[in-house]
Number of protein chains: 2
Amino acid sequence: MADDVFKALADPTRRLILDELVERNGQTLFEICGRLVTKHGLGLSRQAVSQHLAVLETAGLVITRREGRYKFHDLNTEPLEHIAGRWLGQKAPESTP
Amino acid sequence: MADDVFKALADPTRRLILDELVERNGQTLFEICGRLVTKHGLGLSRQAVSQHLAVLETAGLVITRREGRYKFHDLNTEPLEHIAGRWLGQKAPESTP
DNA sequence: TTGATAGGCAAGCCGAAACTTGCCTATGGT
DNA sequence: ACCATAGGCAAGTTTCGGCTTGCCTATCAA
């Protein structure tokens, strides 16, 4: 469960994909491909991005909905909220003024 | 910078090490080895744990201090606090009562 | 000083992960 | 009906991460 989330976040390309989805939710595979190439200059194939999206989906960080021949990808931040708490929980909360 | 933190957290053994340091801070390499073997039943060599600790240290999650022939490992949770905020930042903060 | 304890360095092995390549399915427009 | 667009599947390659093995250094105690 949490293992999938950490493994998904381990790759810099996947973190960039999450960034793009924060900026504009509900993008298709081709849109994400275009953004990664033009805005960040990384040259990867469409299948590479597709596989990254699959990893993000099994981690629960991306939820997909199909409409016709389009498949839209929505960001789901819920798995991100409890991740660090595993080690921050019972710590003395240092001065947070 | 953040890349090191995510890569460090990607491995389940390293996450277990952080758990052990939460439970008891300032352990030596041999102490951590013993705990991983006895409490969690994983059979890994001392060098494996040493390499894991090195990864955690370059990520800033573990800080070491040397005293004589002992090297104590202290947890540093600071890099964990801003990790998820990258994607949670401009999201509507749900009810935190 | 010798031995035991705590740790470090470096090369090598192996399996998993990232990426490619090639082909296939499905939807929509004209 | 036809073709272009959006996406999927599967095998192959290559790179990288985790782990081992073997040996070396340093500190302390007797």
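Within every chain, numbering begins at 1; the chains are lettered A, B, ... in the order of the sequence lines, protein sequences first and strands thereafter.
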Close N/O contacts between protein and nucleotides 2-6 of chain D (under 3.5 Å):
from: D:dT5; atom 1: O2; to: A:R69; atom 2: NH1; distance (Å): 3.2
from: D:dA6; atom 1: O3'; to: A:R69; atom 2: O; distance (Å): 3.4

Under a 4.0 Å heavy-atom criterion, the protein footprint on nucleotides 11-20 of chain D, written with B, S and -, is -------SBB
Mind checking side-chain contact (heavy atoms from CB on, under 4.5 Å) for B:V55 and listing every partner two or more places apart, or none if nothing turns up? B:A8, B:R14
Please list, chain by chain and in numerical order, all residues satisfying side-chain contact (heavy atoms from CB on, under 4.5 Å) with B:N76, sequence neighbours excluded. B:I63, B:E78, B:P79
In whole angstroms, the gap separating C1' of D:dG7 from CD of A:Q27 amounts to 16 Å
Can you list every side-chain hydrogen bond (donor to acceptor under 3.5 Å, both in side chains) pair that touches residues 33-49 of chain B, not counting sequence neighbours? B:E20-B:R35, B:E20-B:K39, B:E23-B:R35, B:E23-B:K39, B:Q27-B:R35
How close or far is atom C1' of D:dG7 from atom CD1 of A:I32, stated in whole angstroms? 13 Å
Quick one: B:E31 CD to C:dT5 P, roughly how many Å, whole number? 15 Å
Nearest 0.5 Å, what's the CZ-CG distance between A:R15 and B:D3? 4.5 Å
Sorted by first residue and then second, give each salt bridge (Lys or Arg N to Asp or Glu O under 4.0 Å) pair with at least one member in residues 50-64 of chain B; sequence neighbours left out. none
Nearest whole angstrom, please: distance from the P of C:dA6 to the NE2 of B:H73. 13 Å
Within this structure, what is the OG1-CG distance for the pair A:T64 and A:L56, rounded to the nearest 0.5 Å? 11.5 Å
Rounded to the nearest 0.5 Å, how far does CZ of A:R69 lie from OG1 of A:T28? 11.0 Å
To the nearest 0.5 angstrom, please state how far the CG atom of B:L29 sits from the CD1 atom of B:I17. 9.0 Å
